[in-house]
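Just passing along the structure, written as structure tokens.
Order of the sequence lines sets the chain letters (A, B, ...), proteins ahead of strands, with each chain counted from 1.
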Protein chains: 2
Amino acid sequence: MANIKDIAKMANVSVTTVSRVLNNHPYVSQEKRNAVLQAIEKSNYQKNYNAVHLSTGKTFLIGVVLPYSNHPYFGLLVEGIANEALTLNYNIVLIQTNYDKNRELEALDMLKHKQIDALIICSRICDWDTLKHYSSYGSITLCEDTRGRNLSSTFIDHYESFFTALEFLASKGHSKIGYCIGRTSGTNSTQRESAYRDFLQKYNHPYEVHYIFNNCLFLEDGEQVIKEIKKMTDPPTAILVTSDQVAAGMVTCCHKENISIPNKLALIGFDNQPIAKLMAITTMEIPLVQMGRNLVIQATNSKDTTYDQFKSRLIERETV
Amino acid sequence: MANIKDIAKMANVSVTTVSRVLNNHPYVSQEKRNAVLQAIEKSNYQKNYNAVHLSTGKTFLIGVVLPYSNHPYFGLLVEGIANEALTLNYNIVLIQTNYDKNRELEALDMLKHKQIDALIICSRICDWDTLKHYSSYGSITLCEDTRGRNLSSTFIDHYESFFTALEFLASKGHSKIGYCIGRTSGTNSTQRESAYRDFLQKYNHPYEVHYIFNNCLFLEDGEQVIKEIKKMTDPPTAILVTSDQVAAGMVTCCHKENISIPNKLALIGFDNQPIAKLMAITTMEIPLVQMGRNLVIQATNSKDTTYDQFKSRLIERETV
DNA sequence: CTGTTAGCGCATTCAT
DNA sequence: ATGAATGCGCTAACAG
């Protein structure tokens, strides 16, 4: 395959001139430009981007770290990320970790190794020190509140969001409220737990450990939760479900088990996924696609650290 | 940041020797090796992979072309792709096309430009000539029957699969059968249409155009279909739904509209997604995760062209 | 076992 | 407006 040197020879110019027309630089006479263009045409020349990358030190690649690619939450996030990346002429390297810390570290190493220009971590496992260390090699952007940590982020105030949802349930007369969550670690989960505890304290409700369900990520997990609730002698009357997927699983299961929603059990999902609309699930909307877009903008603006908070919003439907 | 030359100097050896220990080549004395290792340690040296890529002409990157990243079908496929890529030490570049042909061409250009070693096209729009042209730049693997086209692929015999499903419905006494599909173009869709026509002919049923619903991809589309069916004076009694998502939307909608399933309307989904299990949807299972893994194996085996057919399987549940 | 040397293909500074 | 020369960091053929 022809390279820039060949083109130079064919067009009777220097490689510099070829490079100039290739990159639309000024100061090239029309004739030489044409000559180069013709040579390119004739030889079916194609830039070798590895050479460009080595020479410029940039790859126009953004790494995206996420645990699962088949979860609708990340699906929407990636949707936004991919679209914005496209408009900014970046490409996306998908790094699926299955929540394995080593894979997250490998992703960080890619930053070190200059395989990618920036990293977006949609769900973090690493500690902050590690992250800060790696951020010297390239921009790292997170999807959780990082204020005070000097790393850019796009996030929801999950404390406020959770509290809002809880207050809504309280206003409907619920006092025995539980919640489902994907994992208990992580900033987002911690914020939610604080909101939950503060809420209980405010209303003087007891903290019932078995009202909290961990590892709730997929549809099937919703089924599991309902089964557990059925076994309880004093079950919750309402549940905050941090994923519409899981909420949908619960609704379907309740249907089968003849548990009336919202009379017997009230549900508030999160995200406002299509399934929530279809199944008329009351939910806290989270603008995932926009957040995805924003993440890319931050990741490519490596100069300044920004903390962009997005708003969630209660969408009342029929499960409360 | 230190480079291989610096290390060579520090360790008092040549760059070749450094390269040798870096790449675990034999023929390096233990002392020199140690010296190099120490220098690497001390200087916090990191390989620059762009240089490696330029020098070796490989990137260990596989491009994955798909229309939407938030569709469960592709979610599962990518799940498999990402996992196998990991084990083979490849990374994935996600290219979301939204079915825009230009983006598919851009992906093909990445192959030309050596930004990626191979390309997996999960859902194709390009014509075969274009594809064949680009395949000279790197391996292209498809997710549809490509036999006779000299391009590797992992696929389902959608003709057989569709026919099986149709026969099952016939055995249950259905004669007015329709189907929903994502798009009418593409090998997979064509195969299904042939099966459908052959089936009608076999049983001497008329071809009713309005029994075929196009653009059915997401949950919401299922709702739409049901609405259309409700308007019909002579509606189908059974429908093949090429996506469990859409089938789930239909089931939910029928529930709302008090259309009894399977009595009034029978449904067969495709994929066997978790939602199909949860909602007890009869479905044709497609081993998407395994297929994803296989695609990567083919993509990285650029030597020989292979056509790997996977089996689909009817899973009887409660919608027929 | 080890080092010298020549690329890989392009960008860019500096001189003209 | 143009080109020569240098560098980006690493690999690998070749010589010893």
Side-chain angles (χ1 to χ4, degrees), chain A residues 1-37 39-40 43-61 109-117 137-138, chain B residues 1-40 43-61 89 109-117 137-138:
Chain A
M1 236 165 64
N3 63 21
I4 201 174
K5 230 180 193 163
D6 301 328
I7 304 298
K9 227 171 274 173
M10 288 173 65
N12 254 317
V13 298
S14 72
V15 289
T16 314
T17 302
V18 177
S19 178
R20 285 206 179 94
V21 346
L22 244 33
N23 299 298
N24 284 317
H25 284 201
Y27 303 135
V28 180
S29 69
Q30 201 48 245
E31 19 173 8
K32 299 227 173 197
R33 183 181 300 278
N34 288 143
V36 170
L37 257 21
I40 288 175
S43 63
N44 191 25
Y45 165 81
Q46 295 298 333
K47 251 194 204 183
N48 180 327
Y49 274 81
N50 289 322
V52 177
H53 295 161
L54 173 58
S55 195
T56 59
K58 282 199 70 177
T59 59
F60 281 92
L61 245 35
D109 276 331
M110 291 179 74
L111 213 50
K112 248 194 192 172
H113 294 157
K114 296 186 173 295
Q115 293 186 87
I116 53 180
D117 294 343
Y137 299 110
Chain B
M1 236 163 66
N3 63 21
I4 201 175
K5 228 176 193 167
D6 300 329
I7 304 298
K9 226 172 275 173
M10 289 174 64
N12 255 318
V13 298
S14 71
V15 290
T16 311
T17 303
V18 177
S19 178
R20 284 209 179 90
V21 346
L22 243 34
N23 299 299
N24 285 317
H25 284 203
Y27 303 136
V28 180
S29 70
Q30 201 49 244
E31 17 173 8
K32 299 230 171 194
R33 183 184 298 278
N34 287 143
V36 170
L37 257 21
Q38 266 181 35
I40 287 175
S43 61
N44 191 27
Y45 165 79
Q46 295 298 332
K47 249 195 204 181
N48 180 327
Y49 274 79
N50 289 322
V52 178
H53 295 161
L54 173 59
S55 193
T56 59
K58 283 199 69 178
T59 59
F60 281 92
L61 246 33
N89 265 310
D109 276 331
M110 292 180 72
L111 213 52
K112 249 194 190 174
H113 294 156
K114 296 183 172 295
Q115 294 186 89
I116 53 180
D117 294 344
Y137 299 110

> How close do A:V28 and A:V21 get, heavy atom to heavy atom, and via which atoms?
Replying inline: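 In this case the closest contact between A:V28 and A:V21 is CG1-CG1, 4.3 Å.
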> Within a strict 4.5 Å, meaning less than it, do heavy atoms of the A:N50 and B:T56 side chains meet?
Replying inline: no
>> Does anything in residues 23-32 of chain B form a side chain to side chain donor-acceptor pair (under 3.5 Å)? List the pairs, not counting sequence neighbours.
In response: B:S19-B:N23, B:N23-B:K47
> Within the structure, does a side-chain N or O atom of A:K114 lie under 4.0 Å from either OP1 or OP2 of D:dG9?
Replying inline: no
> To the nearest angstrom, how far is B:L54 atom CG from C:dC8 atom C1'?
Replying inline: 4 Å
> Sequence neighbours excluded, which residues qualify as ring pair (Phe, Tyr, Trp, His ring centres under 6.0 Å) partners of B:Y45?
Replying inline: none
>> For A:Q46, give me all partners under side-chain contact (heavy atoms from CB on, under 4.5 Å), at least two apart in sequence or on another chain.
In response: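 Expected list: A:M1, A:N44, B:K112, B:H113.
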> For A:H53 and C:dT12, what is the distance between atoms NE2 and C1' respectively, to the nearest whole Å?
Replying inline: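 Taking NE2 of A:H53 and C1' of C:dT12, I get 17 Å after rounding.
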> In whole Å, what is the span from the CG atom of A:N50 to the C1' atom of D:dG7?
Replying inline: 17 Å
> If every non-hydrogen atom of B:A11 is compared with every non-hydrogen atom of B:A39, which pair is closest and at what distance?
Replying inline: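 Nearest pair, atom of B:A11 first, then B:A39: CB-CB, 4.2 Å.
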>> Angle between the end axes of the helix from C:dC1-D:dG16 to C:dT16-D:dA1, five pairs per end, to the nearest 10 degrees?
In response: 40°
> Between A:V52 and B:S14, who's closer to the 5' end of DNA chain C by nearest nucleotide?
Replying inline: B:S14
>> Rounded to whole Å, how long is the line connecting atom NZ of B:K47 with atom P of D:dC10?
In response: 8 Å
>> Output the rounded distance in Å from CD (A:Q115) to P (D:dC10).
In response: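 Spelled out: CD on A:Q115 to P on D:dC10 is 13 Å.
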> Given C:dG9, D:dG9, D:dA5, which nucleotide is nearest the side-chain atoms of A:S55?
Replying inline: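 It is C:dG9.
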>> Once you apply a heavy-atom cut-off of 4.0 Å, does A:Y49 come out as touching a base, just sugar-phosphate, or nothing?
In response: nothing
> Is the number of heavy atoms from other residues, nucleotides or ligands under 6.0 Å of B:K58 NZ greater than 12?
Replying inline: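 More than 12 heavy atoms, drawn from other residues, nucleotides or ligands, come within 6.0 Å of this atom.
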> Taking atom P of C:dG9 as reference, at what distance in whole Å does atom CD1 of A:I40 sit?
Replying inline: 16 Å
> How many Å lie between CD on A:Q46 and C1' on C:dC10, as a whole number?
Replying inline: 15 Å
>> Using a strict heavy-atom distance below 4.0 Å, which residues from residues 16-31 of chain B are in contact with DNA chain C?
In response: B:T16, B:T17, B:R20, B:Y27, B:V28, B:S29
> For A:I7 and C:dA11, what is the distance between atoms CD1 and C1' respectively, to the nearest whole Å?
Replying inline: 16 Å
> Looking for any heavy atom pair under 4.0 Å, which part of the strands does A:K5 touch: base, sugar-phosphate only, or nothing?
Replying inline: nothing
> Between B:G57 and B:D117, what is the shortest heavy-atom contact and its length?
Replying inline: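 Shortest heavy-atom contact: O-OD1, 4.5 Å.
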> Nearest nucleotide by nearest heavy atom, which residue falls closer to the 5' end of DNA chain D, A:A51 or A:K32?
Replying inline: A:K32
>> OP1 or OP2 of D:dT11 versus the side-chain N and O atoms of B:K58: is any pair under 4.0 Å?
In response: no
> Who passes side-chain hydrogen bond (donor to acceptor under 3.5 Å, both in side chains) against B:N48, sequence neighbours left out?
Replying inline: none
